[in-house]
Amino acid sequence: MSTSDAGRPLRIAVTGGIGSGKSYVCHILAERGIEVYDCDAAAKRLMRESEDIRSQLTSLIGEDAYREGRLNKAAVARFLMQSEDNTQKVNAIVHPAVGLDFVLSGLSWMECAILFESGFDRYVDRVVCVTAPEEVRLARVMRRDGITREAAGAWMKKQMPQHEVLARSDYEIVNDGVRDVAAQVDRILGRLQIKS
């Protein structure tokens with residue numbers, strides 16, 4: 001396997017906008033024997049389990065952040081929706097913990113929807129961007145979440161534009177429902193000299 005300048009195995013991120021199919025690509029990687037660190041799942045786990053995060057979120061949001069020792073998702077969501085500043089404050093608590101957790105996990109691959117926005121690109125050596133046409137992405141999100149086209153479009157607008165993410169990435173996987181995604185994954189693994 002290719003190594004970084006530091007002599008350790010390359011760390012690689014899979015990213016892409018909502019509805020692009022990152023999870024599908026990660027499923028294919030799992031079939032190839034590659035375990036992928038899920039940043040979103042890790043953030044949720046750490047917010048539930050980390051005493052340090054619990055105390056910081058309670059100081060920031062108030063005692064309502066946790067109820068009977070459990071994360072109060074409704075209170076956190078309300079706080080996040082109040083302002084962009086609130087979102088930044090919560091991210092400043094959670095993101096560093098997730099980044100450290102990834103490094104300590106010993107895994108080489110991560111899945112992260114907000115790779116560049118969160119600064120998680122600093123933890124990896126290569127970035128794989130999963131793309132799909134906007135109409136395809138909208139349809140997938142509407143079907144998956146049972147939401148309107150307007151709601152799906154609003155989610156997409158909150159994220160960095162696909163062309164911008166792609167411009168900052170090393171590889172592209174086109175998941176348009178036509179091209180063979182598994183073959184594209186295998187080509188990238190070949191370029192990275194990773195045997196599945």
Side-chain angles (χ1 to χ4, degrees), residues 1-45 95 98-145 147 149 152-153 155-196:
M1 179 178 171
S2 296
T3 54
S4 70
D5 293 340
R8 58 164 170 71
L10 282 180
R11 291 192 188 127
I12 302 137
V14 176
T15 193
I18 188 169
S20 62
K22 293 178 301 299
S23 298
Y24 177 55
V25 167
C26 291
H27 174 72
I28 293 169
L29 288 167
E31 287 178 341
R32 307 290 188 269
I34 296 167
E35 189 179 349
V36 181
Y37 181 93
D38 182 333
C39 289
D40 192 39
K44 289 172 184 163
R45 172 177 53 80
H95 287 172
V98 174
L100 178 62
D101 193 60
F102 167 67
V103 171
L104 295 176
S105 76
L107 296 175
S108 297
W109 289 75
M110 75 156 64
E111 174 185 358
C112 185
I114 53 167
L115 184 76
F116 298 111
E117 299 95 318
S118 65
F120 282 9
D121 55 312
R122 72 178 172 276
Y123 299 114
V124 298
D125 307 294
R126 302 283 185 276
V127 178
V128 178
C129 179
V130 185
T131 65
E134 188 171 312
E135 283 303 316
V136 172
R137 292 172 61 202
L138 280 168
R140 283 177 185 153
V141 176
M142 288 162 63
R143 189 170 55 245
R144 183 191 71 194
D145 297 346
I147 57 176
R149 181 184 177 84
W155 274 111
M156 281 173 64
K157 282 190 178 72
K158 284 184 177 180
Q159 295 185 328
M160 185 181 284
Q162 181 170 264
H163 66 87
E164 229 174 281
V165 177
L166 182 58
R168 295 172 68 172
S169 301
D170 300 290
Y171 304 100
E172 178 183 18
I173 291 176
V174 180
N175 182 20
D176 57 4
V178 179
R179 280 171 260 201
D180 187 333
V181 175
Q184 294 178 74
V185 169
D186 290 337
R187 267 198 300 280
I188 290 170
L189 292 178
R191 284 188 201 152
L192 293 167
Q193 299 175 346
I194 297 169
K195 296 186 173 54
S196 59

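One distance of note links OH of Y37 with CG of L107; it measures 8.5 Å at 0.5 Å rounding. Atoms CG and OG, from L10 and S108 in turn, are 8.0 Å apart once rounded to the nearest 0.5 Å. Rounding to the nearest 0.5 angstrom, the gap separating the CG atom in L115 from the CZ atom in R122 is 10.5 Å. Here the straight-line distance linking atom CD1 of I28 with atom CG of D180 works out to 8.0 Å at 0.5 Å rounding. Interatomic distance, CD1 of I188 versus CZ of R126, reported as 12.0 Å (0.5 Å rounding). For the atom pair OG1 (T131) and CZ (R179), the distance works out to 7.5 Å, reported to the nearest 0.5 Å.
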Taking only distance into account, with no hydrogens and no angle test, what donor-acceptor pairs under 3.5 Å do side-chain atoms of residues 156-168 form with protein atoms, sequence neighbours excluded?
| residue | atom | partner | partner atom | Å |
| --- | --- | --- | --- | --- |
| Q159 | OE1 | I18 | N | 2.7 |
| Q162 | OE1 | A132 | N | 3.2 |
| Q162 | NE2 | A132 | O | 3.1 |

request  = Evaluate the side chain to side chain contact (heavy atoms under 4.5 Å, CB included) criterion for residues V14 and L29: first the C-alpha distance (whole Å), next the side-chain angles of each, then the deciding distance (0.1 Å), finally the verdict.
outcome  = CA-CA 10 Å; V14 176; L29 288 167; 4.0 Å; yes
key: Trace of the side chain to side chain contact (heavy atoms under 4.5 Å, CB included) decision for L192 with Y171   = CA-CA 10 Å; L192 293 167; Y171 304 100; 3.6 Å; yes
message = Using side chain to side chain contact (heavy atoms under 4.5 Å, CB included), reason through V127 and F116 one step at a time and then give a plain yes or no.
response = CA-CA 10 Å; V127 178; F116 298 111; 4.1 Å; yes
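Within 6.0 Å of CD on E31 lie more than 12 heavy atoms contributed by other residues, nucleotides or ligands.
At distances below 3.5 Å, not a single donor-acceptor pair connects side-chain atoms of R149 with backbone N or O atoms of M142. Between the D38 side chain and the E111 main chain, no donor and acceptor come within less than 3.5 Å of each other. Formation of a donor-acceptor pair under 3.5 Å by the T15 side chain with backbone atoms of C129 is not found in this model.
Considering all non-hydrogen atoms of both residues, F102 and Y123 come closest at CE2-O, 3.9 Å. Across every non-hydrogen atom of K22 and C112, the tightest pair is CD-O, 4.4 Å. Of all non-hydrogen atoms in D101 and A42, the two that sit nearest each other are OD2-CB, 4.3 Å. Listed here is the closest heavy atom pair of G21 and N175: CA-ND2, 3.4 Å. Nearest heavy atom pair, residue D176 against residue P133, reads CB-CD, 3.7 Å. The heavy-atom pair separating R32 from A182 by the smallest distance is NH2-CB, 3.5 Å.
The aromatic rings of Y24 and H27 lie parallel to each other, with less than 30° between the two planes, well short of the 60° mark.
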